[in-house]
Amino acid sequence: MPSYNPADIEPRWQQFWETNKTFRTEDDSEGKPKYYILDMFPYPSGSGLHVGHPEGYTATDILARFKRMNGFHVLHPMGWDAFGLPAEQHAVQTGEHPSTNTKNNIDNFRRQIKSLGFSYDWDREVDTTDPAYFRWTQWIFLTIYETWYDPIQKKGRPISELPIPEEVQLRGPDAVRKYQEPYRLAYRNEQPVNWCPELGTVLANEEVIDGKSERGGYPVVRQPLTQWLMRITAYADRLLSDLDPLDWSESIKQMQRNWIGKSEGAEVVFDILGQSPPVASGGLSVTVYTTRPDTLYGATYMVLSPEHRLVDVITTPDQREAVRSYQEASARKSDFDRTELAKKKTGVFTGAYAVNPVNCERIPIWIADYVLTSYGTGAIMAVPAHDERDFEFAKQFALPLVTVVTPNAKWLKDTGSTVDNLTAAYTDDGVAMNSGDLNGLDTTAAKEKIIAHLEANQLGTRKINYKLRDWLFSRQRYWGEPFPVLHGADDTVIPLPVSDLPLTLPEMTDYKPTGSPDGPLAKATDWLTVTRDGVTYRRETNTMPQWAGSCWYFLRFIDPKNPHAFADPAKLKHWLPVDLYIGGAEHAVLHLLYSRFWHKVLFDRGYVYCPEPFQKLVNQGMILGEYEYHCSVADFEKHQQSLVAVEITGTLRKPEEEDKVPTYVLKFRDEAAGVFVDLPDEKIFKEKGKTYLASPKIELTAKAEKMSKSRGNVINPDDVVKEYGADSLRLFEMFMGPLEAVKPWSTKGVEGVYRFLGRVWRMLTDDATDTLKLNPSVKDVEPDKEALRVLHRTIQKVGEDTERLSFNTAIATMMEFTNYFTKQDVRPKAVMEPFLLLLAPYAPHAAEELWAALGHTTTLAYEPWPKFDPALTKADSIEIPVQVNGKLKAVLTVPAGIDAAGLEAAARADAKVIEAVGGKTIKKVIAKPPQMVNLVVG
RNA sequence: GGCCAAGUGGCGGAAUGGCAGACGCACUCGACUCAAAAUCGAGCACCUAACAGUGUGUGGGUUCGAGUCCCACCUUGGCCA
């Protein structure tokens with residue numbers, strides 16, 4: 001048999017699996033327990049697969065294959081999240097329809113994914129841009145549109161069940177419709193949005209990073225626009241509480257909790273004082289939200305956001321000009337710029353005053369852009385003594401400050417403050433002071449008392465607030481799902497009947513943004529206007545965001561071809577929830593939150609039968625480039641001469657993040673080869689946990705960086721497959737370290753696992769011959785006791801490790817097995833066969849080929865997973881460490897079944913132990929077979 | 001600044017509170033070869049000639065026994081501000 005040649009083996013088995021539909025999931029479970037194992041489906045970008053993709057895909061594939069062999073009815077699908085900006089930008093540049101580019105990219109992704117031998121059921125492939133798919137995305141949108149949230153029942157209900165006041169009913173169907181609009185879970189609203197002129201679209205808050213677009217880094221400005229929103233805030237509490245029982249990592253749950261940002265506090269009403277000259281009629285008030293109502297006595301001024309609707313009403317004539325120019329300036333800033341802590345605070349006095357409701361003090365009202373319209377009520381009471389931003393603002397504008405929570409002594413000492421003269425805001429809890437009836441109460445008690453007081457006097461109410469905002473659902477783009485609605489002349493919204501779905505995109509020749517917040521669809525004049533029963537309607541020119549298609553794709557996989565429903569109810573009942581969902585941590589918040597939200601709406605409306613879609617979630621860690629040694633710029637410049645003398649060069653590396661300092665990457669010039677290589681071992685030493693270059697002594701950090709084109713450290717999976725084969729790529733990606741850890745790539749490491757597969761190959765075959773021939777050591781004989789022990793321990797360890805996704809240690813165990821048997825002249829078939837089954841989920845092509853070489857004629861994909869016998873995993877004699885006062889002094893070899901007394905006797909009798917005890921009194925003996933013995937002497 | 005992870009050989013990493021460094025990479029030596037590659041064998045934390053001793057970011061603590069548990073600090077990464 002020839003030597004191990006993945007280029008020959010792998011395409012053959014991929015063809016075999018495809019032809020025989022080996023991994024098709026039949027609808028009939030045949031009584032097997034179900035297991036739905038899902039990858040986060042990729043956006044098929046033009047640059048193709050990244051080595052990060054196969055990491056998650058290999059993990060799920062190993063588990064899918066493992067579960068099949070363990071008798072599960074496995075669902076393991078793959079598809080494409082194919083709407084999105086890059087394809088559209090390509091279309092803008094080339095005039096080519098985005099679907100063409102998308103289709104090419106999908107074909108390339110599919111080819112790459114298939115070349116890795118994953119056991120997907122390709123008959124279930126879905127594509128979010130396929131009208132047969134987005135028909136149901138539109139259908140779900142309409143379902144959400146036709147739902148309102150009942151706060152009493154705490155669930156989404158059909159809009160037809162919304163109670164309509166009688167006087168509205170009397171005014172007829174149009175009035176009812178108007179009444180319903182603001183209750184719908186999908187609704188339209190005018191609000192300031194992040195308009196990105198460069199991309200020609202508005203962006204969701206979460207797509208804006210540091211005041212720039214997440215994609216492309218273009219500037220973003222604020223502009224009011226009428227937009228579709230999804231009322232995800234109605235579900236905030238359920239999205240929060242339903243996290244608890246899920247089998248997700250605590251850190252991801254915490255990120256979701258932070259994003260939802262539940263806080264408990266109070267809304268407080270401040271009356272606005274009449275002005276002289278009067279600018280407003282009396283009776284005006286402003287409501288603020290605060291999480292610290294206990295500090296109300298310390299509120300010495302108020303701040304409204306520049307966009308607050310009362311600003312224009314209360315501003316006095318002499319302040320009008322200053323206020324107006326401030327409003328204009330802040331409109332140009334992003335939320336991030338406005339809330340940045342480090343920055344100097346800005347603001348303008350409105351000339352108006354309010355009354356502090358608890359002590360009747362007259363306090364000035366300012367506007368400042370550190371207060372956002374989108375959080376709370378868009379206005380705050382400022383308590384400069386106990387809030388950092390208020391403190392800075394008060395210092396800036398010389399506003400008064402009253403301490404109402406007594407700081408603890410340590411804090412006063414650390415900050416150099418006195419109770420009456422704070423040098424910083426004291427934000428911790430403490431005992432109330434200067435606060436009337438609250439004095440002497442701790443923060444929790446003070447909160448309770450003041451809220452009771454406010455409610456009793458109708459000055460305020462207890463209020464739970466969420467940081468989570470409603471989800472901006474419109475995009476001014478072409479390449480997304482069209483909204484299945486019509487707009488009437490008086491701006492009424494008419495949903496399309498379900499029979500009209502899918503509403504497809506019009507053919508266009510020009511995909512450029514219009515330059516106004518109208519999307520490119522505004523140019524599709526034929527498509528845009530629709531006449532029904534003699535009335536002319538206009539279609540929506542916005543499209544849905546990319547998140548829409550990915551919110552529910554896991555449901556479509558369950559019944560991907562169904563023309564009558566998004567999926568058959570019985571099938572949904574069988575497969576949901578997803579048992580294991582693996583993907584990148586970059587989707588830890590948004591995709592999962594949006595997806596959970598849609599799922600809950602569908603659950604409330606009776607279309608799915610479990611409240612949460614993803615039972616277990618694992619985030620694979622990012623794969624970085626190969627590691628390199630870095631040193632600081634100062635050290636490099638200082639030692640440049642000496643470095644040149646020892647043939648070391650440095651390259652300046654500027655990090656992408658602006659706040660990170662640049663470093664030099666050091667390389668050693670290999671005299672013989674004339675190339676620059678990583679610093680060799682002998683030039684490096686460690687001291688006190690730090691790494692140094694030996695001469696000249698410079699502190700080094702070994703670090704790996706994100707793969708990026710600009711650094712030139714991107715690994716293309718195609719190249720790895722070509723060089724070492726898919727099985728080696730799969731094995732290496734799993735062998736690198738724990739699935740969830742961030743870890744650097746190493747091409748040498750791929751060679752390592754490639755050599756392992758070569759050893760497995762030679763363990764079983766005779767590679768000196770040209771034709772298929774088993775290695776003469778592989779014999780049909782009874783395995784001896786030790787061979788059985790190695791096998792059964794391997795079965796146990798590989799099975800247990802695979803089950804808990806500890807793939808790296810499972811692979812190490814298979815390597816140990818191979819290291820043992822390649823040294824043996826007798827390799828019993830009865831041991832080799834189960835081993836191949838253990839290897840199969842990890843390196844399926846090689847395992848299938850060798851399985852066939854052992855004489856099998858069918859795939860091993862459904863062979864039962866080998867069972868281990870606990871009795872056979874144990875050796876006759878075991879080694880036990882003996883400690884004296886906790887320090888290892890000897891190792892005893894004793895029979896496996898030894899008891900504590902026997903072990904103690906053996907330890908006391910051992911010569912080395914006697915020497916270590918040195919005649920001292922043995923005060924205590926801890927003997928724990930089969931672990932250790934410890935003699936306490938003194 | 002807050003919250004959450006994580007710091008173990010030259011590198012990736014392993015280790016239910018019980019022999020630290022499994023497995024792999026790199027490196028060194030040897031076998032095979034005219035030679036190289038591949039392969040096979042041996043070695044490989046530090047200190048030491050050896051015995052011994054020291055070692056899991058730093059400093060304390062709990063325990064018969066700590067990489068593992070607790071406290072403080074330092075560093076790195078992630079998320080939030």
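Sequence lines set the chain letters: A, B, ... in the order given, protein chains first and strands last, and positions in each chain run from 1. All figures in this text were calculated on a predicted structure; none of them were measured in a lab.
In this structure, the side chain to side chain contact (heavy atoms under 4.5 Å, CB included) partners of A/Lys912, at least two apart in sequence or on a different chain, are A/Ala890, A/Asp910.
In this structure, A/Asp244 pairs ionically with A/Arg257, as a charged nitrogen and a carboxylate oxygen lie closer than 4.0 Å.
Rounded to an integer number of Å, the gap from CG of A/Leu731 to P of B/C23 is 17 Å.
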Check: residues 738-746 of chain A side-chain donor-acceptor pairs under 3.5 Å, at least two apart:
unit_1   : atom_1 : unit_2   : atom_2 : d
A/Lys743 : NZ     : A/Glu55  : OE2    : 2.6
A/Lys743 : NZ     : A/Pro738 : O      : 2.9
A/Lys743 : NZ     : A/Leu739 : O      : 3.0
A/Lys743 : NZ     : A/Ala741 : O      : 2.7
A/Trp745 : NE1    : A/Thr747 : OG1    : 3.3
A/Ser746 : OG     : A/Gly749 : N      : 3.0

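Between A/His587 and A/His591, the ring planes lie perpendicular to each other; the angle is over 60°, past the 30° to 60° tilted range.
Taking side-chain N and O atoms only, A/Arg755 has a distance below 4.0 Å to OP1 or OP2 of B/C25.
Note on A/Asn885: nothing from the nucleic acid sits closer than 4.0 angstrom, heavy atoms only.
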Protein-proximity profile, nucleotides 17-22 of chain B, B/S/- by nucleotide at the 4.0 Å heavy-atom cutoff, equals -BB--B
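Between the side chains of A/Glu392 and A/Gln396, no donor N or O sits under 3.5 Å from an acceptor N or O.
In this structure B/A42 sits in a base pair with B/U28, meeting the Watson-Crick or G-U test at under 3.5 Å. Pairing for B/G7 is with B/C74, a Watson-Crick or G-U wobble pair whose two hydrogen-bonding atom distances lie under 3.5 Å.
Aromatic rings from A/Phe393 and A/Tyr370 are positioned such that their centres are separated by under 6.0 Å.
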